[in-house]
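Just so you know, ligand 1 is whichever comes first in the structure, and atom 1 is the first atom listed for that ligand.
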Amino acid sequence: MPHILITNDDGVNAPGLLALAQALREIGQVSILAPDRNWSVTGHNKTLHKPMRVWPVTLADGSEALTTDGSPSDCVALAVMGLIETPIDMVISGVNNRPNLGDDITYSGTVAAAMEGVISGYPAIAVSIEEGEPYHWRTAARAAARIAQKILKNGGMPRGTLLNVNVPNLPEEQVKGCQVTRLGQRRYHDQLIVRQDPGGRPYYWIGGEPPTSVLEPGADVYALAHGYISVTPLSLDMTHHAFLDTLRQWLEPAP
Ligand code: MN
């Protein structure tokens with residue numbers, strides 16, 4: 001039975017984490033180390049300048065978990081460095097309570113936790129679901145379990161690779177299937193909101209409408225918008241390989 005480490009960025013009491021744990025217990029042994037609070041949109045970070053605490057908690061179904069005041073990526077680092085003694089076969093982060101599509105991944109604490117897993121040498125999956133009430137957590141959690149099983153059965157992934165999974169918020173029987181996709185394009189509509197504190201000094205919020213998607217076939221945003229589970233393989237090698245030669249010609253002129 002594989003041993004799967006679970007974390008998230010919505011906090012240890014988030015319903016998506018519980019659903020994920022319940023679905024993954026069907027296919028393996030599960031250990032949970034998740035943040036004690038919401039770390040959404042905090043990207044990839046590492047706590048080096050202050051100590052972290054870890055303590056046990058009981059989830060809503062009575063199962064045991066560990067929580068910490070560290071970040072999602074700290075959770076993975078702490079676990080694989082020895083805080084969890086049983087060897088880990090895979091890291092899964094989620095189920096996040098909103099999608100992580102296109103450039104969203106650069107902000108995402110959910111994806112960052114999976115990145116930390118990959119950096120430490122473990123196959124990793126980030127799982128997110130579309131927003132909406134009611135949430136169909138089970139759809140996303142069971143999709144994650146099926147995908148994890150396929151990856152383990154096929155011997156893992158290429159080094160430096162993680163899967164970014166986005167699931168439609170639908171009952172399981174209404175999901176059309178699974179599409180392997182590339183990152184799509186998100187359009188952000190952020191606006192600077194300026195207010196004044198009681199002392200008359202300005203303070204700032206980033207506000208505005210939620211991001212929208214550019215719907216192109218083959219992209220993650222397109223698959224999700226059409227009722228499919230989107231699975232995007234991401235590489236931590238962010239080198240733009242196709243641009244290397246051109247840039248060399250610009251910056252390394254022949255003597
Ligand atoms: Mn989140």
To the closest 0.5 Å, what do you measure between CG (L33) and CG (L83)?
6.5 Å
Quick one: which residue pairs count as a ring pair (Phe, Tyr, Trp, His ring centres under 6.0 Å) with a foot in residues 85-119, not counting sequence neighbours?
Y107-Y188
Angle between ring planes, W137 versus Y135, binned at 30° and 60°: parallel, tilted or perpendicular?
parallel
Nearest-0.5 Å distance that lies between atom CD1 in I4 and atom CD in Q149:
8.5 Å
What are the protein N/O/S atoms, named by residue and atom, that sit under 2.8 Å from the Mn ion (ligand 1)?
D9 OD1, D10 OD1, S40 OG, N96 OD1
For the CD1 atom on I206, are there more than 12 heavy atoms of other groups (residues, nucleotides or ligands in this structure) within a distance under 6.0 Å?
no
Of V221, D220, V214, the residue whose pairing with R186 passes side chain to side chain contact (heavy atoms under 4.5 Å, CB included)
V221
